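Report on the structure given below.
Everything quoted here is computed from the prediction, not taken from an experiment.
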Amino acid sequence: MASLPIFLVGFLVLSCVAIAMQRNLDESDIVMEEGELLGLFDVIGSLLDEPGWAEVHPEPCTNTPWPGIECEIGQDPPIFHVTAIHIGPDVATPPCQPSAKISDSLLKLPYLRTLSIFNCFVTSTVILSPTLFGALSSLEHLSLQSNPSLSGNVPPSLGNLTRLRVLSLSQNNLQGNIPGEFGWLVNLEQLDLSYNNLSGEIPQEIEGLKSLAILELSSNGLTGVLPFALGQLQHLQKVDLCSNRIHGKIPPELGKLNSFSGCGLIGPIPNSLSSLKNLTALSLDNNTLTGTIPSNLGSLPNLDQLNLSHNKLSGELLLPQDFINRLGKRLDVRGNNGLCTSYHLASNISTYLQTRTCLGNEGKVDNLTCPQPYDIKGKKPSWYNGSRTSSFAPSKAPQLILICFLLFNMLSFL
């Protein structure tokens, strides 16, 4: 009887081995459609500086893979399809050729979901084709970053790619306006157009980006008023608008924001920011913000960086002591001439809390005025005759100075 379990175990092991071998044989028999394979060869050949790439990788999805290409097996028929292409310094050699370009053969890759090209277009000018990119309907992730020779306008036809979840065109040399057609990208979660030469206003159509979580538009030449449509994006978590010429008030509602950086802002800091429980970083430096700093910002549980430096904020800094201690140097309120801190904060933690000390009961006297040529009501004292060599009695001057000195010292012990 003991031999029966042993027999069953042996049978199961042999069965698993046979299934695995059959699967490997099946996958090795699966091929790519010829048109798709030739399209891939042309796309890679127009980018990389290796003329014989196709001969070295004749079966890029199976026996001769390349790290910048990903494939998946289709269901009907069961053949390989290219789903991702990544070109960048982190991928094995070869690097991009000096005359690298984006081939129209991308249209022969109908299952392509991810296209990322980093630091490839460096010398020869490359312009995004509106016809080409408007037809890549399967794309979900498009990243063309750090390409100094990638120029021209951002194609409005990108708004046709309604499956896009990530659109990153940062650190290029793109010009023109942000297309209003981007408002059609209802599934877009991340939009990064930072570090280009874009101009014009942020389009109101941005309110159509209902899934947007990250908006990066810094370091461009954008102008106009900060659109209140941003307040309608309930999934928005991070906004960076710095190094532009945008101005306006902070929208009172900013969804689930966890990071906000803006320049050209005016008006008060809205109390509604205290409802952003996911906020981790708030950078509002170098603006024209006025009013006081809401003390309830200190109640945000996840806020770990707060930069309000170089504005026109005023009043007493009333953030909780434990919040100030927790942030340390990550709290910056310098450059607000009307802002003051209580005596025990003025010498605390770091130089980023450099403000004047508020007038109050600790260390300052605000109700005592020593003799002056004119009193508070503007009346001349009896001893003042309008000249520096007056009839002011010399015998009384030391007494008045002594009284002031004694009063100051008495108050310092209170």
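The two atoms that bring L273 and I269 nearest to each other are CD1-CG2, 3.6 Å, heavy atoms only. Nearest heavy atom pair, residue L319 against residue I324, reads O-CD1, 3.6 Å. Of all the heavy atoms in V82 and C61, the pair that sits closest is CG2-SG, 4.5 Å. Contact between L303 and L282 at its shortest, heavy atoms only, is CD1-N, 4.1 Å.
Salt bridge annotation for E216-K238: present, with a cationic side-chain nitrogen under 4.0 angstrom from a carboxylate oxygen. A salt bridge does not link E34 with K108: every distance from a Lys NZ or Arg NE/NH1/NH2 to an Asp or Glu carboxylate oxygen is 4.0 Å or more.
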- Hey, mind stepping through E140 and R165 against salt bridge (charged side-chain N to carboxylate O under 4.0 Å, His left out) and telling me if it holds? CA-CA 5 Å; E140 298 176 3; R165 292 183 294 105; 3.6 Å; yes
- Message: As a quick check of understanding, evaluate side-chain hydrogen bond (donor to acceptor under 3.5 Å, both in side chains) for T83 and E70, giving each step before the final call.
- Response: CA-CA 6 Å; T83 57; E70 295 181 11; 4.8 Å; no
- Query: Please walk me through it: do T280 and D304 pass side-chain hydrogen bond (donor to acceptor under 3.5 Å, both in side chains)?
  - Reply: CA-CA 5 Å; T280 59; D304 194 53; over 6 Å; no
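With contacts defined as side-chain heavy-atom distances shorter than 4.5 Å, the pair L174/N197 does not qualify.
With no hydrogens or angles considered, no side-chain donor-acceptor pair links S283 and N307 at under 3.5 Å. Residues S194 and D192 have side chains that bring a donor and an acceptor to within less than 3.5 angstrom of each other. Between the side chains of S211 and H235, no donor-acceptor pair is found at a separation under 3.5 Å.
Residues F41 and H57 keep their aromatic ring centres 6.0 Å or farther apart.
The only member of R113, E36, E72 that meets side chain to side chain donor-acceptor pair (under 3.5 Å) when paired with H81 is E36.
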